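On a predicted model such as this, the values are computed, not experimentally measured, just so you know. Along the sequence shown, residues are numbered consecutively beginning with 1.
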Amino acid sequence: MHTPDAEDVLVYERATDTDSLLVAVNVRDASREVALPDGYADAPLTDALTGASVEGATMTLEAYDYRVLRRATAE
C-alpha cells in the first residue's frame with residue numbers, strides 16, 4: 001500500500017516474480033494528480049487494460065477514475 005500526496009487516491013501494488021501491478025483509484029468527484037511511487041516513476045510501464053505505454057513521474061486521475069499499470073521485472 002502506498003500513500004500518495006493526494007489523500008483521495010488509494011494506491012497499492014501487487015507483485016509476482018515476473019511483474020508488478022500498481023493500482024490507483026480516485027475515490028472522489030474531482031480530478032487528482034498523483035506521484036508514482038519509487039520504482040515506478042522511472043520504469044517502463046504499460047497500462048494493463050489498454051496496452052498503451054505510460055511515461056512520467058505523475059498521473060492524473062479524473063473523478064472516480066482508476067489506473068492499473070504493469071511494470072515488468074527482470075527475469
Asp47, CG: over 12 other non-hydrogen atoms inside 6.0 angstrom: yes

For the residue pair Tyr66 and Val23, establish whether any side-chain heavy-atom pair is separated by less than 4.5 Å. no

Tell me, with the steps shown, if Leu36 and Leu22 meet side chain to side chain contact (heavy atoms under 4.5 Å, CB included). CA-CA 9 Å; Leu36 294 175; Leu22 184 74; 3.9 Å; yes

Under 4.5 Å between any side-chain heavy atoms of Arg28 and Tyr64, yes or no? no

Before giving the answer on side chain to side chain contact (heavy atoms under 4.5 Å, CB included), spell out for Leu45 and Arg70 the whole-Å C-alpha distance, their side-chain angles and the decisive distance to 0.1 Å. CA-CA 6 Å; Leu45 301 173; Arg70 173 173 278 128; over 6 Å; no

Is the shortest side-chain heavy-atom distance between Glu13 and Leu21 below 4.5 Å? no

Can you list, pair by pair, the side-chain donor-acceptor contacts under 3.5 Å of residues 49-63, counting residues two or more places apart and other chains?
residue: Thr50; atom: OG1; partner: Ala52; partner atom: N; Å: 3.2
residue: Thr58; atom: OG1; partner: Glu33; partner atom: OE2; Å: 3.3

Less than 3.5 Å apart, any donor N or O on the side chain of Arg71 or Ser20 sitting next to an acceptor on the other? yes

A side-chain contact here means heavy atoms from C-beta on lying under 4.5 Å apart; do Asn26 and Asp8 qualify? yes

